[in-house]
Structures are given as C-alpha cells and as structure tokens.
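Notes follow once the structure below has been shown.
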Amino acid sequence: MGDHFLITGGAGFIGSHLTDTLIAAGHRVTVLDCLLEQVHAGAERDAEGWPLYLNPRAGRIKGDLLDDGVFENALGQGITHLIHLAASVGVGQSMTNIVDYTRNNTMAAAIILQALSHGHHTVRRVAVASSMSIYGEGEYRTPGGAMAAPAMRSLDDLRRHHWELEQAGEALAPMPTRESKPLMPASIYAINKRDHEEMFLSVGRALGIPTIALRLFNAYGSRQALSNPYTGVAAIFISRLLNDQPPLVFEDGRQMRDFVHVGDVADAFATVITSDSEVWDAYNVGSGKAISVNDMAHSLARLLRKNLAPQVLDKYRVGDIRHCFADTSKLQQGFGFRPRRDFDRGMEELVEWVSSQARPSDRAGDCFKELERSRLVV
Ligand SMILES: NC(=O)c1ccc[n+]([C@@H]2O[C@H](COP(=O)([O-])OP(=O)(O)OC[C@H]3O[C@@H](n4cnc5c(N)ncnc54)[C@H](O)[C@@H]3O)[C@@H](O)[C@H]2O)c1
C-alpha cells in the first residue's frame, strides 16, 4: 500500500489548499471534516454540504472528530501521514464559548492521540497546526539591546490608551519572534492551541512517530470564510469594505502582524509532512514581514476601490497582543523552507477571488457589540 494522507479539517481554508498541493504532487489524500456551519455557511456547496472548491480527487469523510469511532474508522483506510488542522478558530469567540472551544480543540487532540496510542494503525508521520497566538506578546528588544519577552499589557495602561510596551519605564522595540520565546497564551483559543501542540509533541515522541507543529501566523488567501466575523482579519475587512463599511480596527491600528499567504502555509505543511527527518518540534510559519493592521486595511480598500479609511476604535479587545511577527529561520534551517509569495501580489489575488464570490454578509459590527456585552472590550 502506498502513502495515504489524512487531513482533518481538510475542507477548511488551509486544509483545502493543502489538499490541492499534495494531490498536485501526486499524493493520495482523504479529507475528514464535519463542515462546521460557521465556517462553511457562505461557500457554494454540493448537496452533501461539501464546498465546491474542494479538490474532486480527494477522498471525503464527513464526520466529527468528537464522535465515537470517527477518527479510528478514518485511520482504518491505511493512513500513513496525518495532518491535523480541524479546530474551532477564533480568539474573541473562544473567550465566551469556552466549553465548545476546549472540547473541539483540546479534547479532539486527546481523542486523536489516544487512537494513535492504541497502535492499530499505519501512521508514520504527523503534522499539526499550532498558532502564533500561543506566544502572547511577540519578542522585543530593550533600548540597551537585550531581548525581552514582556507579559501582557496591564488593563490600567490599556484603559489610558497606552498601547505600546514598556519595561522599567523604557520603550521596547518589537523584533521578529523566535520559537524559543516563552509561551504566554492570552486567550482560551491560544491556551487550547498550546495544549494541543504540547500534547502532540509529547505523545508523538513517546510513540516514536515524528511529529511537527507549525505555528502559523495570520494566513490570508482565497477560500477564507468571508462571512465568519470571528476569524481572519483580511476576510473580515473585505466583508466590511464590500458592504461599504469601514474596517473596524482595535487600539490605534498600528499593531503589527505577519500576514502569510495560504499557498506558503500549504507548501510548509507539504514540506514537513513529506520529509523523512526524525523530529518532534515546533516551527514558525510566517512571511517574516511586519505589517500594521492599518496598512492592511488601506491596501484592501485601495484594491477594492473603496474610499474608506479604517475606523480606529481606540479600544482594546481582551486577549489581543500588540505586536507579533515571525522569525522564520528555524524552518529554513530545519527543512530548507522559505515563504515565496509577495504581500501586494497576494492581496491582489485575494481581491480577485473575492470579486468572483457572492457579496459576503458583514457581521463585524454585531460581533463587536457581542464583545462589548461580554465586557471583552476595554
Ligand atoms: N487561518 C489562520 O490564520 C490560522 C492561524 C494560526 C493557526 N491556524 C490553525 O490552522 C488550522 C486550520 O485553520 P483554517 O483557517 O483553515 O480554519 P477553517 O475554520 O477554515 O478550517 C477548519 C476546518 O475544520 C473543520 N472542523 C472543525 N472542527 C471539527 C471537528 N470536530 N471534526 C471535523 N472537522 C472539524 C471545520 O468544518 C473546517 O472545515 C486550525 O487548527 C487553526 O487553529 C490558522
């Protein structure tokens, strides 16, 4: 029997691109997905609910990882390579749907690992999606040149709209974040992702199955759910702009993020899952470039030809960090992988794809009110 790749969450944004990448390279791929309504409601779908963009050459299992036997039955198809992407994805939403998030992210990891530990399978290699959110604040440098890994900003500072980080009264300068930075997750989603990364690395090592966690930064690209207000800043901004509303920007909009093209994320997964190196480790996947949230909003408005500047809310969303962008050298040294896509070209491509879609509904305003009601905006 040849190699057979199973992608949990393979009908989602990243999973569907990875499916295309692996199939184009000649691999056999099966997708396991429960087709969450929140993610898939806006997409064109077939009679069984699968998004039409999903590669027709992929095998399909419609099932929920949390349901008895679903994962074990999938493994029974002779799976040799497992890529676990299924998750509930949304930092703000995780702070109010704590049980659902912990069940779908942490418990689902436990169910998968327990099945692998029973040993009745053919899995030889595992890759899982982790997240930059587990870092909390990114890495910084003091004026004297020392590296700093500051704690979250104090609510007092944030209430005074004092957004930037300081240490002992001195301003800190944001630096590319390395994997060695201490993990300080600041939301239930981030805590779930840290748990899930550590669970996979530890059980994978115990079982002797090489396991790699990819800490993804902010992925953007086609097929991102445009009507889901909980995740994907580019998609959320596009939905606002297409509805002639300004993108809503927390704080002053100068916070910096690392926007990585979904094609680079798919290539990174394909590289680590098809390699034969014996590793149990975590690697950043980002573009390595810092871009402010304001700049992202302006770029999208320009490309969509909308004369709408971002609406700066001057408010802090609980759980948000100020700056975080990737140092990508570890993945390059370990696997020779380097992101290839250019941000401007990537944004143009995203806008071209959006223009071919039905106009998304914009729920960002409601989402903001929900956060205010739950006192998650300061
Ligand atoms: N998109 C990003 O910028 C980003 C950044 C960091 C980490 N990640 C991680 O990458 C992974 C993929 O993210 P995405 O953006 O493609 O998300 P997505 O929401 O588009 O895809 C997730 C898929 O998982 C499925 N799913 C969820 N729970 C399931 C379950 N219990 N059983 C079966 N299927 C289930 C959903 O139906 C969906 O198709 C996630 O683990 C996410 O935490 C994404």
Side-chain angles (χ1 to χ4, degrees), residues 8-15 32-43 49 51 62-68 70-71 84-113 128-136 152 155 183-200 215-216 218-219 224-237 239-240 248 250 257 313 315-321 360-378:
T8 72
F13 166 48
I14 293 171
L32 190 173
D33 203 297
C34 66
L35 305 173
L36 284 181
E37 263 314 289
Q38 177 171 300
V39 178
H40 296 282
K62 187 168 167 183
D64 190 324
L65 284 168
L66 294 170
D67 289 343
D68 273 355
V70 167
F71 182 69
H84 175 46
L85 305 181
S88 292
V89 188
V91 170
Q93 191 182 34
S94 76
M95 300 301 278
T96 50
N97 297 20
I98 298 170
V99 173
D100 286 347
Y101 266 71
T102 303
R103 201 180 279 134
N104 209 30
N105 296 343
T106 309
M107 268 309 287
I111 289 169
I112 291 176
L113 293 169
V128 294
S130 185
S131 163
M132 52 79 83
S133 63
I134 71 176
Y135 288 120
M152 294 294 286
L155 279 182
L183 304 181
M184 299 177 188
S187 66
I188 292 293
Y189 169 74
I191 292 166
N192 292 161
K193 293 309 274 189
R194 182 200 58 195
D195 285 354
H196 141 285
E197 176 186 306
E198 290 176 352
M199 289 162 73
F200 267 92
R215 294 180 181 164
L216 312 181
N218 295 77
Q224 192 154 27
L226 292 175
S227 298
N228 180 354
Y230 300 106
T231 180
V233 63
I236 293 170
F237 285 0
S239 300
R240 292 283 292 171
L248 299 177
F250 287 96
R257 295 290 184 273
L313 296 168
K315 286 187 189 294
Y316 170 68
R317 181 173 56 177
V318 172
D320 274 357
I321 49 110
S361 59
D362 158 37
R363 293 182 47 222
D366 294 344
C367 186
F368 177 64
K369 285 190 196 122
E370 195 180 308
L371 286 174
E372 273 192 317
R373 266 196 305 277
S374 309
R375 289 193 245 144
L376 292 170
V377 177
V378 173

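Small disclaimer: the values here were computed from a predicted structure and weren't measured.
Going from atom CG of Leu371 over to atom CZ of Phe250 covers 5.5 Å, rounded to the nearest 0.5 Å. For the atom pair CG of Asn192 and CD of Glu197, the computed distance is 13.0 Å after rounding to the nearest 0.5 Å. To the nearest 0.5 Å, atoms CZ (Phe200) and CG (Leu113) are separated by 4.5 Å. To the nearest 0.5 Å, the span separating CG on Leu313 from CD on Glu372 amounts to 8.5 Å. A distance of 6.0 Å separates CG of Leu36 from OG of Ser88, quoted to the nearest 0.5 Å. The line from OG of Ser187 to CD1 of Ile98 is 10.5 Å long, rounded to the nearest 0.5 Å.
Residues passing the side chain to side chain donor-acceptor pair (under 3.5 Å) test with Arg257: none are found, sequence neighbours excluded. The ring pair (Phe, Tyr, Trp, His ring centres under 6.0 Å) search around Phe237 returns none, not counting sequence neighbours.
Residues Tyr316 and Val377 fail the side-chain proximity criterion, which asks for heavy atoms closer than 4.5 Å. Counting heavy atoms from C-beta on, the side chains of Arg317 and Phe368 never come closer than 4.5 Å. In this structure, Val378 and Leu155 have side chains that are in contact, with non-hydrogen atoms separated by less than 4.5 Å. Using a 4.5 Å heavy-atom cutoff, the side chains of Ile321 and Tyr135 are not in contact. Residues Val89 and Ser94 form no side-chain contact, since every pair of their non-hydrogen atoms from C-beta on lies 4.5 Å or further apart. The shortest side-chain heavy-atom distance between His196 and Val128 falls under the 4.5 Å cut-off. Between Thr106 and Met199 there is a side-chain heavy-atom pair separated by less than 4.5 Å.
In this structure, Tyr189 and Tyr101 have perpendicular ring planes: the angle between them is above 60°, well past the 30° mark.
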Quiz item: Would Gln93 and Gln38 satisfy side-chain hydrogen bond (donor to acceptor under 3.5 Å, both in side chains), going step by step from the backbone distance to the final call?
Solution: CA-CA 12 Å; Gln93 191 182 34; Gln38 177 171 300; 2.8 Å; yes

Exercise. Could you check Met132 against Asn218 for side-chain contact (heavy atoms from CB on, under 4.5 Å), going step by step and ending with a plain yes or no?
Key: CA-CA 8 Å; Met132 52 79 83; Asn218 295 77; 3.9 Å; yes

Exercise. With side-chain contact (heavy atoms from CB on, under 4.5 Å) as the test, would you mind laying out the steps for Val70 and Asp64 before giving the verdict?
Key: CA-CA 7 Å; Val70 167; Asp64 190 324; 5.6 Å; no

Practice problem: Just do the side-chain contact (heavy atoms from CB on, under 4.5 Å) check on Ile14 and Leu216 with the steps written out, would you? | Solution: CA-CA 10 Å; Ile14 293 171; Leu216 312 181; 3.6 Å; yes

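Nearest heavy atom pair, residue Arg194 against residue Pro185, reads NH1-CG, 3.6 Å. Heavy atoms only, all atoms of each residue included: Ala225 and Val39 are closest at CB-O, 3.3 Å. Residue Ile111 comes nearest to Leu65 through the heavy atom pair CG2-O, 3.6 Å, listed as atom of the first residue, atom of the second, then distance. Contact detail for Arg240 and Gly365: the closest heavy-atom pair is NH1-N, 4.0 Å. Across Ser131 and Lys193, no two heavy atoms sit closer than the pair CB-CG, 4.1 Å. Residues Pro51 and Leu35 approach most closely at CD-CD2, 4.0 Å, considering heavy atoms.
Asp33 places a side-chain N or O within donor-acceptor distance of the main-chain N or O of Ala11, the cut-off being under 3.5 Å.
Judged purely by distance below 3.5 Å, without hydrogens or angles, the side chains of His84 and Thr8 pair a donor atom with an acceptor atom.
Heavy atoms from other residues, nucleotides or ligands lying under 6.0 Å from CG of Asp68 number 12 at most.
For residues 85-103, the salt bridge (Lys or Arg N to Asp or Glu O under 4.0 Å) pairs, not counting sequence neighbours, are Asp100-Arg103.
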